[in-house]
Amino acid sequence: MRRRQESRTEDDAVPDDGAPSPRLLQDAAATFGMLAATTRLHIVWLLARAEQDVTALAEATGSNVAAVSQHLAKLKLAGLVSARREGRRQVYVVDDPHVVAIVRQMLDHHAEQAGEAHPASRGPARTA
């Protein structure tokens, strides 16, 4: 999750052994927590491939517009997706290449373990 630039505290310091700081671990766990919901993970995967509005995302995920809108609000607040206005609609996108890579790698990993091809590896995909 994106974090405001603040003065460094002891929690932010990298321990002498090179291990991540407690704050860094907490931020990473919060990001994984946001992606732990199946619908949110599906939304991020879809947005990593192409920009879409809430109606298209609802249709693609099999959810209703209100539910997808709530998920998008959480993802946006967490800094995992962004939006821009096009006329009367909001268009959403994942514009962080790290988030795209994490989602693709995790889905590819599980697809490989299950012995199935995964769409994260197929076809043209937008690179952020």
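Positions are given from 1 along the sequence. In this text the structure is predicted, and so the values were computed from the model without any measurement. The figures that follow rest on heavy atoms only: side chains count, while hydrogens, waters and symmetry mates do not.
Residue pairs satisfying the salt bridge (Lys or Arg N to Asp or Glu O under 4.0 Å) criterion with at least one member in residues 53-65, sequence neighbours excluded, are listed as follows: Asp53-Arg89.
Counting heavy atoms from C-beta outward, Leu35 and Val103 have side chains that approach closer than 4.5 Å.
Atom-to-atom distance recorded for Leu107:CG and Glu112:CD is 13.0 Å, nearest 0.5 angstrom. Remark: Arg104 CZ to Ile102 CD1 distance equals 12.5 Å, nearest 0.5 Å. Separation of atoms NE2 (His71) and OG1 (Thr38) is listed at 9.0 Å; rounding is to 0.5 Å. Atoms CG and OG1, from Leu41 and Thr61 in turn, are 12.0 Å apart once rounded to the nearest 0.5 Å. To the nearest 0.5 Å, atoms CG (Leu47) and CG (Leu75) are separated by 8.0 Å.
Here the closest non-hydrogen pair linking Ala48 and Val94 is N-CG2, 4.1 Å.
Linking ILVMFWY residues whenever their side-chain heavy atoms come closer than 4.5 Å, directly or via other members, places Val99 and Leu46 in the same cluster.
Only one option out of Val91, Leu72, Ile43 pairs with Val54 in a side-chain contact (heavy atoms from CB on, under 4.5 Å); it is Leu72.
Not counting sequence neighbours, the partners of Arg84 by the salt bridge (Lys or Arg N to Asp or Glu O under 4.0 Å) test are Glu51, Glu86. In this structure His98 satisfies the side chain to side chain donor-acceptor pair (under 3.5 Å) test together with Asp96, sequence neighbours excluded.
The closest donor-acceptor contact from the side chain of Arg40 to the backbone of Met34 lies under 3.5 Å. A distance-only check finds no donor-acceptor pair linking the side chain of Ser69 to the backbone of Val65 [under 3.5 Å].
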